Amino acid sequence: MPIFIISHGTLASSIKETAKLIIEMRDDIYCLELKEEESLEDFKCRLEKSILSLKDSNDEIIIVSDMPLATPFNAAVMLMKKYNIFHLTGMSMQMMTFLLQKDNSYMTAENLCRRALEQATEQTLYLNDLLKGEKNN
């Protein structure tokens, strides 16, 4: 199933390039980045064309947007009504390295998204609190 990373500026391609340094990546990863002059409708059309060029309308697809309620997010939400899209938002390296791993390509879209979200939550730490805990022991 294809995975689309969508973002403002060059964040999507930067996340993908950085992930390549950390993991062995699956092959079906695509980046789409909002251009400064691009409207929501233009970005939505570009995203839909990219989706249609890769898949049948009944196939599962994962979209990860950089942040909630912004243009890339809204474009994906609009297309969720038409396609079988599993949408994660608020991307982090923890989430993305799990999601993009070649070893995880056997998982269903829903399970992969849920596990990626768990990874992001489990691996996001406020180190000061951890260090305070060690000093108190």
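Keep in mind that this is a model prediction, so the values were computed, not measured.
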No-hydrogen, no-angle side-chain donor-acceptor test under 3.5 Å, Thr108 and Glu60: no
Joint hydrophobic cluster, Leu117 plus Ile15, side-chain heavy atoms closer than 4.5 Å: yes
All side-chain hydrogen bond (donor to acceptor under 3.5 Å, both in side chains) counterparts of Lys35, not counting sequence neighbours: none
With sequence neighbours excluded, residues passing side-chain contact (heavy atoms from CB on, under 4.5 Å) with Lys20: Lys16, Glu17, Met25
Atom pair CD1/OH of Ile61 and Tyr83 - distance to nearest 0.5 Å: 9.5 Å
Interatomic spacing from CG in Leu47 to OG1 in Thr71 - rounded to 0.5 Å: 12.5 Å
Check: Leu79 and Lys44 side chains under 4.5 Å, non-hydrogen atoms: yes
side-chain contact (heavy atoms from CB on, under 4.5 Å) between Met78 and Glu41, intermediate numbers included: CA-CA 10 Å; Met78 292 165 73; Glu41 187 60 32; 4.2 Å; yes
Pairwise ring-ring contact (aromatic ring centres under 6.0 Å, His included) hits with a residue in residues 98-131, at least two apart: none
Point-to-point distance, once rounded to the nearest 0.5 Å, from CD1 of Ile51 to CG of Asp59: 11.5 Å
Audit row: Leu112, Leu99, side-chain contact (heavy atoms from CB on, under 4.5 Å) steps and yes/no: CA-CA 7 Å; Leu112 187 57; Leu99 192 65; 3.5 Å; yes
side-chain contact (heavy atoms from CB on, under 4.5 Å) involving Asn74 - partner list, sequence neighbours excluded: Leu40
Side-chain donor-acceptor pairs under 3.5 Å in residues 4-11, sequence neighbours left out?
unit_1: Ser7; atom_1: OG; unit_2: Ala12; atom_2: N; d: 2.8
unit_1: His8; atom_1: ND1; unit_2: Asp66; atom_2: OD1; d: 3.4
unit_1: His8; atom_1: ND1; unit_2: Asp66; atom_2: OD2; d: 2.7

Distance, nearest 0.5 Å, that separates CG of Leu21 from OG1 of Thr97: 12.0 Å
Joint hydrophobic cluster, Ile23 plus Ile62, side-chain heavy atoms closer than 4.5 Å: yes
Spacing of Leu54 atom CG and Leu52 atom CG [to the nearest 0.5 Å]: 9.0 Å
Counterpart residues, side-chain hydrogen bond (donor to acceptor under 3.5 Å, both in side chains), relative to Asp28 (two or more places apart): Arg26
Residues in side-chain contact (heavy atoms from CB on, under 4.5 Å) contact with Leu125, at least two apart in sequence or another chain: Leu130
Those residues that, when tested against Ser105, pass side-chain hydrogen bond (donor to acceptor under 3.5 Å, both in side chains) (two or more places apart): none
Inter-residue atom distance Glu24.CD - Asp103.CG, 0.5 Å rounding: 6.5 Å
Partner set under side-chain hydrogen bond (donor to acceptor under 3.5 Å, both in side chains) for Ser14, not counting sequence neighbours: none
Path from Val64 to Val77 over hydrophobic side-chain contacts below 4.5 Å: no
Salt bridge (Lys or Arg N to Asp or Glu O under 4.0 Å) pairs, two or more places apart, involving residues 117-127: Arg115-Glu118
Show me the donor-acceptor pairs, under 3.5 Å and distance only, between side chains in residues 85-93 and residues at least two apart or in other chains.
unit_1: His87; atom_1: NE2; unit_2: Ser65; atom_2: OG; d: 2.7
unit_1: Thr89; atom_1: OG1; unit_2: Ser65; atom_2: OG; d: 2.8
unit_1: Thr89; atom_1: OG1; unit_2: Met67; atom_2: O; d: 3.4
unit_1: Ser92; atom_1: OG; unit_2: Gln94; atom_2: OE1; d: 3.3
unit_1: Ser92; atom_1: OG; unit_2: Met95; atom_2: N; d: 3.2

For the student: nearest non-hydrogen atoms of Pro68 and Phe73, plus distance: CA-CD1, 3.7 Å
